[in-house]
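One-based numbering along the sequence shown.
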Amino acid sequence: MEHKIKLQSGFKDRSGVIHQEVVFGKRLTGGDLMSIDNDRQAQSPTQYSDLVRRKAMTKFGELKTMPPPLEVLLGLSRIDRSILAEGYEEFARLGRGERTSEILAGSVLKLFFGFQVDGVTYPVVRLDRPTTGYDELECDARALDGLSRLCFLIGRSISRIETEDGKLSIEGPVELELFKPLDGDDISVLREGDRLAQAFFRITGGEVPQERPSDDDASSDEGNGAERAGTPEAADVTA
């Protein structure tokens with residue numbers, strides 16, 4: 001799926017050619033986001049957001065270098081940068097199609113796309129295994145930092161992933177390698193879900209539901225099934 005936008009002023013290269021048409025055509029994965037997170041240029045929120053957006057681009061005018069250099073995006077006018085941000089958000093939304101993400105219970109999530117294991121999709125995730133200092137020590141031993149460290153710890157907190165109909169499941173924890181091909185929007189959902197799960201554990205004293213709620217239960221319980229995770233930027237992946 002591609003999404004085309006046209007900048008108002010565009011980028012003028014050294015030869016005087018103005019590049020205005022931008023095409024977003026690549027959905028980011030967890031691996032892409034981890035790589036960007038480790039980029040020395042991603043130390044500021046502004047540059048991090050630009051690095052994410054440029055990674056999704058498959059065309060920027062007639063520029064030969066793709067994705068375009070970070071300096072191209074930083075040199076755009078404020079209006080063009082707003083157009084670019086809105087275009088990326090629309091691309092992310094269109095790419096999800098009719099898929100939704102949901103909080104099924106305090107520690108149970110449904111992802112937009114889900115984990116892929118041996119050709120089977122597992123979009124339902126149970127985040128009900130509290131991590132310990134030993135898990136953090138393992139992060140240290142692997143020299144994990146930033147988003148890689150967070151995903152590793154989220155993986156350790158997953159007790160089970162399931163197909164949407166609940167007929168197939170895989171016991172956790174989920175290794176970091178499975179996060180790398182995961183869609184970037186699902187990384188956003190997991191980050192928010194992990195935050196909510198920690199709050200849920202504090203409120204319940206660590207008690208978790210033994211069974212996954214039915215669709216009727218999820219829709220009737222206020223707040224369950226109604227909360228949606230936003231696009232990568234909205235969910236603080238690109239912030």
Test I170 against every option in I158, V120, I161 by the side chain to side chain contact (heavy atoms under 4.5 Å, CB included) rule and name the one that passes.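 Among I158, V120, I161, the one meeting side chain to side chain contact (heavy atoms under 4.5 Å, CB included) with I170 is I161.
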
Run through L178, V174, V117 and flag the one making a side chain to side chain contact (heavy atoms under 4.5 Å, CB included) with Y122.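 When L178, V174, V117 are each tested with Y122, the side chain to side chain contact (heavy atoms under 4.5 Å, CB included) holds only for V117.
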
Do T121 and Q116 have side-chain N/O donor and acceptor atoms under 3.5 Å apart?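 Q116 and T121 do have a side-chain donor-acceptor pair below 3.5 Å.
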
S159 versus D128: any side-chain heavy-atom pair under 4.5 Å?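 With C-beta onward as the side chain, the pair touches.
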
Note, K59 side chain near V22 side chain (heavy atom, < 4.5 Å):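 Heavy-atom side-chain distance check fails, nothing below 4.5 Å.
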
State whether [X] and [Y] are salt-bridged, where the test is any N-O pair (Lys NZ or Arg NE/NH1/NH2 against Asp/Glu carboxylate O) under 4.0 Å.
X: R81; Y: D50; result: yes
X: K4; Y: E2; result: no
X: D186; Y: K110; result: no

To the nearest 0.5 Å, what is the distance between CD1 on I187 and CG on D32?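 The CD1 atom of I187 sits 10.5 Å away from the CG atom of D32.
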
Candidate pair T100 and E102, rule side chain to side chain contact (heavy atoms under 4.5 Å, CB included), full reasoning: CA-CA 7 Å; T100 60; E102 299 180 51; 3.9 Å; yes

Indicate the atoms forming the closest heavy-atom contact of [X] with [Y], along with that distance.
X: L153; Y: T131; answer: O-CG2, 3.4 Å
X: D194; Y: S157; answer: OD1-OG, 4.1 Å
X: M66; Y: T58; answer: CE-C, 3.5 Å
X: P68; Y: L73; answer: CG-CD1, 3.8 Å
X: D80; Y: S9; answer: OD2-N, 3.1 Å

Taking only residues two or more places apart in sequence, or in another chain, which ones meet S169 in a side chain to side chain donor-acceptor pair (under 3.5 Å)?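 S169: no side chain to side chain donor-acceptor pair (under 3.5 Å) contacts found.
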
Please check this pair: side chain of [X] against backbone of [Y], looking for a donor-acceptor N/O pair closer than 3.5 Å.
X: T163; Y: L168; answer: yes
X: H19; Y: E62; answer: yes
X: Q20; Y: K6; answer: no

Could you label the plane-to-plane angle of the F60 and F11 rings as parallel, tilted or perpendicular, counting under 30° as parallel and over 60° as perpendicular?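 Aromatic pair F60/F11 classed perpendicular.
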
For the pair F115 and F179, name the ring-plane relationship: parallel under 30°, tilted 30 to 60°, perpendicular over 60°.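 The arrangement is perpendicular - the two ring planes meet at more than 60°.
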
In sequence, state the C-alpha distance, the side-chain angles, and the governing distance for L70 and Q47, and then conclude on side chain to side chain contact (heavy atoms under 4.5 Å, CB included). CA-CA 8 Å; L70 178 61; Q47 292 186 174; 4.1 Å; yes

Side chain to side chain contact (heavy atoms under 4.5 Å, CB included) between Q8 and I83: does it pass, once the steps are laid out? CA-CA 8 Å; Q8 184 181 78; I83 294 172; 4.3 Å; yes

Test salt bridge (charged side-chain N to carboxylate O under 4.0 Å, His left out) applied to D183 and R96, R27, K26, the passing residue: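 Going through the options one by one, the only one that passes is R27.
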
Could you list all the side chain to side chain donor-acceptor pair (under 3.5 Å) pairs where at least one residue sits in residues 34-44, not counting sequence neighbours?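 Output for this query is empty, none listed.
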
Just list the side-chain donor-acceptor pairs under 3.5 Å for residues 137-145, sequence neighbours left out, or say none.
unit_1: E138; atom_1: OE2; unit_2: R142; atom_2: NE; d: 2.9
unit_1: E138; atom_1: OE2; unit_2: R142; atom_2: NH2; d: 3.4
unit_1: D140; atom_1: OD1; unit_2: R149; atom_2: NH1; d: 3.0
unit_1: D140; atom_1: OD1; unit_2: R149; atom_2: NH2; d: 3.3

